[in-house]
Protein chains: 2
Amino acid sequence: MAANSRLTIAVHVLAWMALAKRRGREIMTSDEIAASVATNPVIVRRSLGDLREAGLVESRRGAGAGWLLAREPAAITLLDVHRAIGAEPLFALHATEPNLDCPVGLGIRPALTEVYAAADAAVARELAGRTVADVLAETLTHQERP
Amino acid sequence: MAANSRLTIAVHVLAWMALAKRRGREIMTSDEIAASVATNPVIVRRSLGDLREAGLVESRRGAGAGWLLAREPAAITLLDVHRAIGAEPLFALHATEPNLDCPVGLGIRPALTEVYAAADAAVARELAGRTVADVLAETLTHQERP
DNA sequence: GCTGATCGTAACAGAAACGGTTACGACTGG
DNA sequence: CCAGTCGTAACCGTTTCTGTTACGATCAGC
């Protein structure tokens, strides 16, 4: 499977908004944000739409519109972001139902469900320990051009 | 993104082989295994091929051929299986390179790489704590038909 | 009001991945 | 020799992902 980059995009967007806010630009348009991520503004708006539903950002419409953070960057964990963009399980069960006449086919799904839930929880704990502010700070320590 | 079911298939295959071995059937064909997983034998052979490269199973060719476990089920962790089938990172970085003229675009990839590595390691720790024998035992406790 | 900037969202497209299927040559115990 | 099985390539339909275009909805400021 190729993992998707939505968490990366969302965190990038939030980190950039956090830096801009610190520089006095509280409201940003999706075009401005897209310029940093180097993607299409619609991609950014889709991502921001998810973040807004989760209460992490707000949007303003009409003239002078744009997006702004709804919380301090230090109060947004990566787990908040992960959930906001619709976290999916790490591992999938069988694409088609296994043979229930076999004892393994019958019992393995509940057994694996437990294991996968534990793995999901481990990732959640890891993401819960970092905030957008942490990522921004770490980002600013890597400023050497390749 | 929808996660794939390869870990599920591989663990199912190994658990079934472990149970069959305990019942005296040490060598199994991909057809027999596929009947339990309820999928195509080629899917099973692809999975078993990965497991063989990792040294978890062996294959015999010719007449009376088939597959057998190369290690005791209690000596195969789910992390072994996860790595055998080609573990991929949980989260992807940007699909296209971000704007390196923006401080966030420049520094966020190394920052997120660290975070994602920590998340991968957390999953690895979780999977390392369970063996195929554990999963089989847990599977056999779930034998009520739905 | 009007206007222009921006959001919000649907529709679409190309690429890749996934599970599945068919086919067929390679191998080997009996 | 030969029947049974592995090993693997080729192909298919579906889904997902990223990206693009398009266009109506909204509204601050004039």
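In what follows, chains carry the letters A, B, and so on, assigned in the order in which the sequence lines appear, proteins first and then strands, with residues in each chain numbered from 1. The figures that follow rest on heavy atoms only: side chains count, while hydrogens, waters and symmetry mates do not.
For the contact set between residues 97-113 of chain A and DNA chain C, defined by any heavy atom under 4.0 Å, there are no members. Heavy-atom distances under 4.0 Å link DNA chain D to no residue of residues 15-38 of chain A. Contact check of residues 39-70 of chain A against DNA chain D (heavy atom, cut-off under 4.0 Å) returns A:Thr39, A:Asn40, A:Val42, A:Ile43, A:Arg46, A:Arg61, A:Gly62, A:Ala63.
Here CG of A:Leu68 is found 6.0 Å from CE of A:Met17. Values are rounded to the nearest 0.5 Å.
Heavy atoms of other residues, nucleotides or ligands lying less than 6.0 angstrom from CZ of A:Arg109 number more than 12.
Side-chain contact between B:Arg22 and B:Leu136: present, with at least one pair of heavy atoms (C-beta onward) separated by less than 4.5 Å. With contacts defined as side-chain heavy-atom distances shorter than 4.5 Å, the pair A:Ile33/A:Val13 qualifies. Considering only heavy atoms from C-beta on, B:His94 stays 4.5 Å or farther from A:Ser5 through its side chain.
A:Trp16 and A:Glu32 make their closest contact through NE1-O, 3.8 Å (heavy atoms, listed as atom of the first residue, atom of the second, distance).
The aromatic rings of B:His82 and A:Phe91 sit perpendicular to each other, their planes meeting at more than 60°, with 30° as the lower class boundary.
Residue B:Thr96 places no side-chain N or O under 4.0 Å from the OP1 or OP2 atom of D:dT18. The shortest distance between the side-chain N/O atoms of A:Arg6 and the OP1/OP2 oxygens of D:dT18 is below 4.0 Å.
With hydrogens and angles disregarded, a donor-acceptor distance shorter than 3.5 Å links the side chain of A:Gln143 to the backbone of A:Thr139. At least one donor-acceptor pair under 3.5 Å links the side chain of A:Asn99 to the backbone N or O of B:Ala35.
Between B:Asp80 and B:Arg71 a salt bridge is recorded (basic side-chain N to carboxylate O distance below 4.0 Å).
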